Amino acid sequence: MATTDRPAPEPDRAPCPCGRGDSYGDCCGPLHRGERRAPSAEALMRSRYTAFAIGDAGHLVRSWHPSTAPEHVDLDPEEQWDRLEIVATTGGGPFDSEGTVTFRAHHHRGGRAGVLAEHSRFVREDGRWLYLDGS
Ligand SMILES: [Zn+2]
């Protein structure tokens, strides 16, 4: 990836875009930088939402299961991600190998607001949560 494609670093002390209540440096930041693994499917899902919000396409590809991952992800810089709402989760914990997260992601582009609602499936392989697919 060309260096110009890299997102501007998110300030570690700013509130994390995923809305969990922690700073980016204590929440999704270490997951994006590969310093920490997501402890749960929900944490991985949050880190993927935050990757959308800050434009980190590389994290989206890396956290995608190889069987379903696209070769690259193009993010629309005009799309603004406003808020993540976790609706429901199943499994996805330290003793699970599968999990689901149902969420609603609020976004807008110019004056047009929208909601992306998805039921995402995650699998854990070698201790690492990966996004499988969504419906
Ligand atoms: Zn976060």
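What you see is a predicted model; the values in this text were computed from it and never measured. Counting starts at 1 for both ligands and their atoms, following the listed order.
- Neither side chain, His32 nor Thr50, offers a donor N or O lying under 3.5 Å from an acceptor on the other.
- At a cut-off of 3.5 Å, with distance as the only test, no side-chain donor of His107 or Gln80 sits close to an acceptor on the other residue.
- Residues passing the ring pair (Phe, Tyr, Trp, His ring centres under 6.0 Å) test with Phe122, sequence neighbours excluded: Tyr131.
- Between Trp81 and Tyr49, the ring planes lie perpendicular to each other; the angle is over 60°, past the 30° to 60° tilted range.
- Among protein atoms, those of element N, O or S found less than 2.8 Å away from the Zn ion (ligand 1) are Cys16 SG, Cys18 SG, Cys27 SG, Cys28 SG.
- Not counting sequence neighbours, the partners of Arg33 by the side chain to side chain donor-acceptor pair (under 3.5 Å) test are Asp12, Glu35.
- Residues satisfying the side-chain contact (heavy atoms from CB on, under 4.5 Å) test with Thr68, not counting sequence neighbours, are Trp64, His65, Leu132.
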